[in-house]
Amino acid sequence: MEDLQAYVRQIAEDARQAALKLSIASGARRDAALLSAAEAIRSDADAIAAANQADVLAAKDAGLSAAMIDRLTLTDKRIEAMATALESIARQPDPVGKSIAAYNRPNGLRVEKRRVPLGVVAIIYESRPNVTADAAGLCIKSGNAVILRGGKEALQSNLAIARCLSKGLSQADLPDNVITMIDRTEHEIVPALAQAEGLIDLIIPRGGESLIRAVVQAATIPVIKHYAGNCHIYVHADADLTKAERIILNAKCQRPGVCNAVETLLIDAAIAEEFLPLIAKRLIDAGVELRGCEKSCKIVPEMKPASQQDWFTEYLALILAVKVVNSLDEAIEHINTYGSHHTDAIITENISAADRFVSLVDSSSVMVNASTRFSDGGEYGLGAEVGISTDKLHARGPMGAEDLTTYKWIVTGNGHVRE
């Protein structure tokens with residue numbers, strides 16, 4: 001354990017030194033590193049795919065769930081998406097040094113609030129090797145050094161991607177320790193990182209709720225949390241039912257093993273008799289298991305009865321909880337009671353209802369007539385995301401480069417003294 005703590009301390013100290021150098025590097029150099037890394041990912045795509053295939057085979061042998069296998073797998077399209085995301089991040093405005101506010105005081109002092117990097121960010125994640133590229137790219141863009149600790153199930157994939165990122169840093173003449181990919185798999189690494197006060201400025205866990213709670217309980221440094229994605233869609237009495245059908249099928253079936261897939265469907269009682277049999281058939285035909293409230297089961301007898309726990313559950317599978325609600329306010333109350341403050345949607349043609357839903361649903365992303373699957377940094381125009389925060393401080397929702405900065409006050413005088 002002592003050796004492990006020394007190891008973490010050393011990599012954190014090296015990262016802090018690299019962060020100082022990166023913080024004064026020009027935005028053009030940081031962007032050049034991202035573009036070179038994207039080029040390296042494309043040229044090394046076969047090596048990345050081979051490493052990923054080895055990880056996937058081992059994961060299947062170990063009996064990992066279908067959702068975990070899906071998040072672990074890198075197709076040619078997903079490898080290209082990593083390169084494209086790095087290029088998109090490079091095209092974003094440089095957040096470092098951005099003036100948030102600047103003004104002159106009556107006494108002649110110039111006061112400015114300016115964006116600066118956080119310093120060193122540690123990111124703990126499971127399964128999804130694309131996070132290696134996305135997180136590192138956003139940290140480079142925002143002037144932060146990053147320590148990456150992926151799950152052992154994705155180790156070979158992560159190392160292959162990290163080698164491409166290192167090539168990008170080298171091409172831009174930036175310190176290699178701007179990115180540290182931890183290749184040790186001991187569980188004790190995580191609390192050691194979470195307790196590196198004075199060396200690591202922020203830790204971001206991405207993965208299952210048990211991982212996130214373990215980090216939160218161990219941490220003595222700030223944590224940004226991404227708890228479960230228990231997302232809802234509410235079909236209002238004034239919904240366009242054709243739109244509703246398309247949105248629900250996309251949100252549940254397009255990729256069920258991700259955090260922005262819908263897990264609970266709420267249907268207004270005024271349209272339940274008409275709409276619920278139609279959407280239930282489409283969902284069942286698509287392989288979805290439905291678990292309904294008492295009213296839902298009476299309308300669609302094929303549904304299994306839902307338990308109280310179903311309303312809290314992030315399934316990450318082709319399972320959907322269904323509840324008939326009597327009003328907009330009942331839908332809002334259900335979401336705020338059982339949801340995880342991730343992403344929730346209303347389908348309606350009633351502007352007043354949409355406005356009330358947006359105002360009262362306490363989630364990091366609220367959708368109107370759109371699939372919950374759009375809750376994503378790339379889809380929001382951020383290039384990528386380091387995670388989707390369900391916290392309210394210091395960032396909320398998909399986190400881009402600007403969310404990995406803080407600010408400092410700069411006050412300029414001319415011999416001013418306070419009387």
Side-chain angles (χ1 to χ4, degrees), residues 226-256 258-272 274-276 278-280 282-283 286 288 293 296 311 314-315 320-383 385 387-392 395-400 402-403:
H226 169 163
Y227 281 136
N230 184 14
C231 304
H232 297 71
I233 290 177
Y234 166 52
V235 185
H236 182 250
D238 296 330
D240 178 322
L241 300 186
T242 301
K243 287 181 188 176
E245 185 176 310
R246 290 183 65 247
I247 290 168
I248 293 162
L249 287 167
N250 175 262
K252 181 72 262 183
C253 303
Q254 193 243 2
R255 199 174 173 197
V258 292
C259 63
N260 55 18
V262 68
E263 305 291 19
T264 297
L265 174 62
L266 305 174
I267 299 179
D268 198 281
I271 58 168
E274 175 188 0
F275 181 64
L276 187 49
L278 298 175
I279 191 61
R282 291 295 307 275
L283 288 163
V288 179
C293 67
S296 300
W311 310 126
E314 179 188 29
Y315 299 111
L320 183 66
V322 182
K323 183 176 176 64
V324 175
V325 294
N326 292 315
S327 66
L328 169 65
D329 285 347
E330 185 181 338
I332 292 168
E333 182 181 4
H334 181 98
I335 291 167
N336 288 339
T337 300
Y338 297 102
S340 59
H341 311 290
H342 190 295
T343 303
D344 299 291
I346 183 172
I347 304 172
T348 186
E349 300 301 302
N350 185 316
I351 295 173
S352 296
D355 288 345
R356 185 169 180 81
F357 187 88
V358 167
S359 297
L360 294 178
V361 168
D362 184 25
S363 297
S364 66
S365 288
V366 181
M367 308 293 191
V368 178
N369 294 327
S371 171
T372 57
R373 289 283 291 114
F374 283 107
S375 178
D376 174 87
E379 296 293 337
Y380 285 7
L382 305 179
E385 69 191 32
I388 296 179
S389 170
T390 54
D391 276 346
K392 294 186 179 181
R396 198 174 195 205
M399 294 177 59
E402 192 168 281
D403 297 303

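A donor-acceptor distance shorter than 3.5 angstrom exists from the side chain of Asn336 to the backbone of Leu360, with no hydrogens or angles considered. In this structure a side-chain-to-backbone donor-acceptor pair under 3.5 Å is present from Glu385 to Gly377.
Using the six-membered ring where Trp is involved, Phe357 and Tyr234 have ring planes that are parallel, under 30° apart on the 30 and 60° scheme.
Residues Ile335 and Leu266 are in side-chain contact: their nearest non-hydrogen atoms beyond the backbone lie under 4.5 Å apart. Looking at Ser375 and Ser364, their side chains never come closer than 4.5 Å, going by heavy atoms from C-beta outward.
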Between Val258 and Arg373, is the side-chain contact (heavy atoms from CB on, under 4.5 Å) condition met? List the steps. CA-CA 9 Å; Val258 292; Arg373 289 283 291 114; 3.7 Å; yes

Walk me through it: do His342 and Glu314 pass the test side-chain contact (heavy atoms from CB on, under 4.5 Å)? CA-CA 11 Å; His342 190 295; Glu314 179 188 29; over 6 Å; no

Go through the steps to decide whether Arg356 and Asp329 satisfy the test side-chain contact (heavy atoms from CB on, under 4.5 Å), and finish with yes or no. CA-CA 9 Å; Arg356 185 169 180 81; Asp329 285 347; 2.8 Å; yes

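By the 6.0 Å contact criterion, CZ on Arg246 is open, its count of non-hydrogen atoms from other residues, nucleotides or ligands being 12 or less. The environment of Gln254 atom CD is dense: over 12 non-hydrogen atoms of other residues, nucleotides or ligands sit within 6.0 angstrom.
Scanning all heavy atoms of the two residues, the minimum distance from Ala286 to Cys253 falls at CB-SG, 3.9 Å. Ala239 and Ile347 get closest at one heavy-atom pair: CB-O, 3.2 Å. Between Ala237 and Asp268, the shortest heavy-atom contact is N-CB, 3.6 Å. Taking every heavy atom of both residues into account, Ser371 and Asn250 meet most closely at OG-OD1, 2.7 Å. The heavy-atom pair separating Val324 from Cys293 by the smallest distance is N-SG, 3.3 Å. Nearest heavy-atom pair, Thr264 versus Leu320, reported as atom, atom and distance to 0.1 Å: N-CD1, 3.7 Å.
Between Cys231 atom SG and His341 atom NE2 the span is 12.0 Å, to the nearest 0.5 Å. One distance of note links CH2 of Trp311 with CD of Glu263; it measures 12.5 Å at 0.5 Å rounding. In this structure, the separation between CG on Leu265 and NZ on Lys323 is 12.0 Å, given to the nearest 0.5 Å. Rounding to the nearest 0.5 Å gives a distance of 9.0 Å between NZ of Lys252 and OG1 of Thr372. One finds the CD1 atom of Ile247 at 11.0 Å from the CG atom of Leu241 (value rounded to the nearest 0.5 Å). The CD1 atom of Ile267 sits 7.5 Å away from atom CD1 of Ile279, with the distance rounded to the nearest 0.5 Å.
Among residues two or more places apart in sequence or in another chain, the salt bridge (Lys or Arg N to Asp or Glu O under 4.0 Å) test is passed with Arg396 by Asp362. Under the rule for a salt bridge (Lys or Arg N to Asp or Glu O under 4.0 Å), the partners of Glu349 that lie at least two apart in sequence or sit in another chain are Lys243.
Checking each of Asn230, Asp344, Thr343 against Ser363 for a side chain to side chain donor-acceptor pair (under 3.5 Å) leaves exactly one that passes, namely Asp344.
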